[in-house]
Protein chains: 2
Amino acid sequence: MSDFKRNYSSCPMYYTMSAVEGKWKWIILWKIYEAGIIRYNKLWGELNPIAHKTLSAQLKELEASSLIHREQYNEVPPRVEYSLTEEGRTLIPILELMYQWGQEHMK
Amino acid sequence: MSDFKRNYSSCPMYYTMSAVEGKWKWIILWKIYEAGIIRYNKLWGELNPIAHKTLSAQLKELEASSLIHREQYNEVPPRVEYSLTEEGRTLIPILELMYQWGQEHMK
DNA sequence: CTGGATCCTTGAGGATACTG
DNA sequence: CAGTATCCTCAAGGATCCAG
């Protein structure tokens, strides 16, 4: 846990930014939300050029925070699907607003 | 401009995350919004232990993005006040939701 | 009081190759 | 296909001192 998280655990704004921190998390959440359910490789393709290491690390953190769910099917070749958890879905209003804000300001 | 910004300028979500990127920007915006108008030193105190270099760099970027306004009074000692611009105020719904989300999940 | 200037650290993120 | 394993870079961020 970083100083950032430790020192400001009492401020809701810090809490939110800690839960979804890093360069990619909001975008990953958005892509998963958009797709509903999405496979690892598809996600990777949409975020390209993200490194596998980066993507899998962020996914793990999001999973550890209970914001996304990882479903693994023991097939050959393997299949893994990601989706938002109930908890993760509580972020949808924020995701929607962020997306809309970008739309309106990006011209 | 980073690869992040360059490669994804077509996706609204990337646009938003680029406009308010970095570890501190959302929190700085929140603190300014909370205060309405706030002096440099007050802001620095609320974010402590943030480095002066970091704070002033982030403030400059936010100013360059037209999200905050910097008003300088030529007094001795100097006084500088920051506030949200019209543009910056369009982020308030997002800030409010982020704050609320933190409140509800931080127990 | 509001930063700028310097120097420095560190860890997030990336490139590439490899594996069950 | 869905990731690890390695190694590496670089720039955000920090500590400290200085200045108008």
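Order of the sequence lines fixes the chain letters, A, B, ..., with proteins taken first and strands second; residue numbering starts at 1 for each chain.
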Would you say that [X] contacts [Y] through its side chain, given a criterion of any heavy-atom pair below 4.5 Å between the two side chains?
| X | Y | answer |
| --- | --- | --- |
| B/V20 | B/I94 | no |
| A/K31 | B/C11 | yes |
| B/L47 | A/Y14 | yes |
| B/R39 | B/V80 | no |

Between [N] and [X], is there an OP1 or OP2 to side-chain N/O distance shorter than 4.0 Å?
| X | N | answer |
| --- | --- | --- |
| A/K60 | D/dT4 | yes |
| B/R70 | C/dT2 | no |
| A/R39 | D/dA2 | yes |
| B/Q58 | D/dA12 | no |
| A/K23 | D/dA12 | no |
| A/Y82 | D/dG3 | yes |
| A/W44 | C/dG14 | no |
| B/S56 | C/dG4 | yes |

Separation of atom [atom1] in [X] from atom [atom2] in [N], rounded to whole Å:
| X | N | atom1 | atom2 | result |
| --- | --- | --- | --- | --- |
| A/L55 | D/dA2 | CG | P | 11 Å |
| B/W24 | D/dA11 | CH2 | P | 22 Å |
| A/N74 | D/dG3 | CG | C1' | 14 Å |
| A/R79 | D/dG3 | CZ | C1' | 16 Å |
| A/N41 | D/dT4 | CG | P | 14 Å |
| A/E71 | D/dG3 | CD | P | 12 Å |
| B/L59 | C/dC1 | CG | P | 17 Å |
| B/I50 | C/dT2 | CD1 | P | 15 Å |

After noting the C-alpha distance and the side-chain angles of B/E63 and B/K60, does the key distance pass the salt bridge (charged side-chain N to carboxylate O under 4.0 Å, His left out) rule?
-> CA-CA 5 Å; B/E63 203 192 346; B/K60 268 189 184 170; over 6 Å; no

(Q) Let me spell it out: for each of B/H52 and A/Y40, pick the nucleotide of DNA chain D with the closest heavy atom. Which residue's pick is nearer the 5' end? (A)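 That would be A/Y40.
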
Problem set entry | Check: D/dG13 base within 3.5 Å donor-acceptor of B/K53 side chain | yes

TODO: Let me know, please, whether A/A51 or B/K42 comes out on the 5' side of the other along DNA chain C by nearest nucleotide.
DONE: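 Looking at the nearest nucleotide for each, B/K42 comes out on the 5' side.
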
query: So which nucleotide from C/dC1, D/dG13, D/dC1 ends up closest to the side chain of B/T54?
result: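 Taking heavy atoms from C-beta onward, the closest nucleotide is D/dG13.
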
